[in-house]
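Just so it is clear: chains get the letters A, B, ... in the order the sequence lines come, proteins before strands, and each one is counted from 1.
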Amino acid sequence: MKVSRNLTYSMLLLLPAVVLLVAFTYYPTVATIIDSFFSTPRGRRPARFVGLANYETMLADPVFRKAIVNNMIYAAVIIPCSMGLALAMALLVNARIAGRGFVRLAYFTPTVLPMIAVANIWMFFYAPDYGLIDQVLGHFGRGGNNWLGNPDTALWAIIVITVWKCAGFFMIFYLAALQQIPPSLLEAAEMEGATYWQQLRRVILPLLMPTTLFISVNAVIEAFRLVDHIIAMTRGGPDNSTQLLLHYIYQVAFGFWDTAYAATLSVVLLAILALIALVQFGYADRRIFYR
Amino acid sequence: MSRLSVRSLVKTWDETRAVDGVSFATEAREFVALLGPSGCGKSTTLRLIAGLEAATEGSVEIDGLDVTNLPPASRRISMVFQSYALFPHLNVADNILFGLSVRGVKRAEQKQRLDRIVPLLGLSSLLDRRPSQLSGGQQQRVALGRALIAEAPVCLLDEPLSNLDAKLRAEMRNEIRSLQQRLGLTMLFVTHDQTEAMSMADRVVLLRDGKVEQFATPSDLYTKPNSVFVAQFIGTPPMNILDATLLGPAWDRLPKNTLVGVRPEHIRFADRGIAATVVSMEYFGADSVVSCRIADKPVLVRVPGQPGFAGGETVHLSWPQEAQHLFDQHSGKRRDPIPDQRLAPALEFVQP
Ligand SMILES: Nc1ncnc2c1ncn2[C@@H]1O[C@H](COP(=O)(O)OP(=O)(O)OP(=O)(O)O)[C@@H](O)[C@H]1O
Ligand SMILES: [Mg+2]
């Protein structure tokens, strides 16, 4: 078979990207899946094939189930809240308001802060009695809350931080998309008698749909990925009330050194994300209008 | 069925006076063109009338009702944007029906009105298409349809034909004009193309630097220009403006500081007359434009056919007296000839 020069060149040009992707994405993925069917090697005992044993352990693991439920709540709140807030902030700073440069900066600040710094700021907000929130509530006689120490409120306290952190980032995308909408479209809508809300619903939101899809994919990823502040603030506690899947994987892998079980949990996380991405793209591509 | 009137409209942005005391009033069902060079404030005037900009001073009235402080949607005005401003995510039908739909008009009535307007615009087979799947002319018609379906009595158009090629533009001119007449609309049409304004409009508002230079019918603009600016803006090639002192002793009886304007098509080559030198010729088929010089001042002459002059040849020019316009040199304003001053000179050159 004669290989055309074109083909040779294109293969050579693709090679660097292929090497990187294989080395850092596909090989680890496949290795993780394989590891999940083996036991964890310990000392002189090498890994041996155990079939689905790790998955059986996982299904019986109450911490895993708690982490899944928490993560579902975490995602279900963070995705709509951060996106809604991002859109609202983008609409606000896109309008002709005084000092909008400053407001844009203020909204974007959480995004540029490292998560560990964010965690420290919020530790101060949440601290019992002398924390900012408790001090304010104290004036109304409602102080003495341990937001992060109480299993009922800890997850919600974490959720607030994540929304605060993500919304500013997503706002930038919405803002960029808003500025792409020709003003004459909105003027035309206004001339035709559309109120602000009608303009928003019938013109702005449909034109923002490609951006919304992009952001929603990102928001899903963030909802499973952003656990740095849990490591810094609660370590999944109290009583696993802030345990999330990725944080649990981290604990199992680098706290308990049970790498095979960590691989099993990773496969589940991967499967969840792949499934969501498939649904998002499959559903959205049929409904979204791209210019 | 509505009269639109604009009184001393002013719009300033910091230093710029984009619109500087514009006043005019249309008749009902009149087609008025807003004409002027780029940056003279045509779009701004239109946007002030539409309510998309707030006027600094002055007022806008429709049928005697002051709408200056009303929002755009309550002014009973429709508008066609220069860029068409079609909603890219909606198909043709939904684009046209957008206004009715947001105003909560019943589905059945929407359909009825759509069926009425679509054949007028020749869009029947395109209703399901998105704007990106339409040609420029079709998009233009959709924009027109969206503006017309609301049946607002006043329709504003901002250079709606500037994105079309010459042939389509000529077709759309006729279509817009006939729609306007059939629907009895008052239309204000912005353009920087004088032939468009002259051929379509009942009357033309000629703007310059935010001020109305002249508001008149196309034929008055052509035959009685108010100023040197109007004289040179209307007509191709523009009117020749000559210093009276150049033209010889016969013009001495004119008042001092007078400019004489003559249109290229009114000048004839003659045996006697003002001596000029041929510089070059441009041939256009039906006629030719000959560039001459009278004592270093350029003069254009339009003659039928293709005259056989050579460059550098000396010729004599003449024109009938009634084709001659007089302007004040300082103000540039028209000066009406005073009968008893006997502007005889030109009579000598009247062609038989
Ligand atoms: N938003 C604005 N801010 C400041 N100046 C403006 C603004 N809009 C228009 N202008 C100025 O007002 C003047 C008139 O502008 P306008 O758009 O009305 O011109 P126009 O006659 O429509 O020109 P064109 O034929 O090029 O469209 C211009 O000098 C322009 O620079
Ligand atoms: Mg303009």
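A salt bridge does not link Lys165(A) to Glu222(A): none of the charged side-chain nitrogens sits closer than 4.0 Å to a carboxylate oxygen. With salt bridges taken as basic N to acidic carboxylate O contacts below 4.0 Å, none links Arg202(A) and Glu192(A).
Checking side-chain atoms of Asn95(B) against main-chain N and O of Leu90(B) turns up a donor-acceptor pair under 3.5 Å.
Against chain A, the residues from residues 65-79 of chain B that qualify, each with a non-hydrogen atom under 4.5 angstrom away, are Pro72(B), Ala73(B), Ile77(B), Ser78(B), Met79(B) in number order. Interface with chain A: from residues 98-110 of chain B, residues Phe98(B), Gly99(B), Ser101(B), Val102(B), Arg103(B) qualify, criterion being any non-hydrogen pair under 4.5 Å.
Put simply, the side chain of Thr26(B) does not reach to within 4.5 Å of the side chain of Asp202(B), judged on heavy atoms. Within the 4.5 Å cutoff, the side chain of Ile176(B) has heavy atoms near those of the Leu161(B) side chain.
Interface remark: Glu187(A) contributes backbone and side-chain atoms alike to the contact with chain B (heavy atom separation under 4.5 Å).
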Q: Any chance you could lay out the side-chain hydrogen bond (donor to acceptor under 3.5 Å, both in side chains) test for Arg141(B) and Gln138(B), step after step, and finish with the verdict?
A: CA-CA 5 Å; Arg141(B) 288 202 285 261; Gln138(B) 290 164 340; over 6 Å; no
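A cation-pi arrangement is found for Arg146(B) relative to Phe87(B), the charged atom lying closer than 6.0 Å to the ring centre and inside a 45° cone about the ring normal.
Using a 30° and 60° split on the angle between ring planes, Phe173(A) and Phe214(A) fall in the perpendicular class, above 60°.
Partner Trp164(A) forms a ring-ring contact (aromatic ring centres under 6.0 Å, His included) with one of Tyr107(A), Phe125(A), Trp122(A) and no other, that one being Trp122(A).
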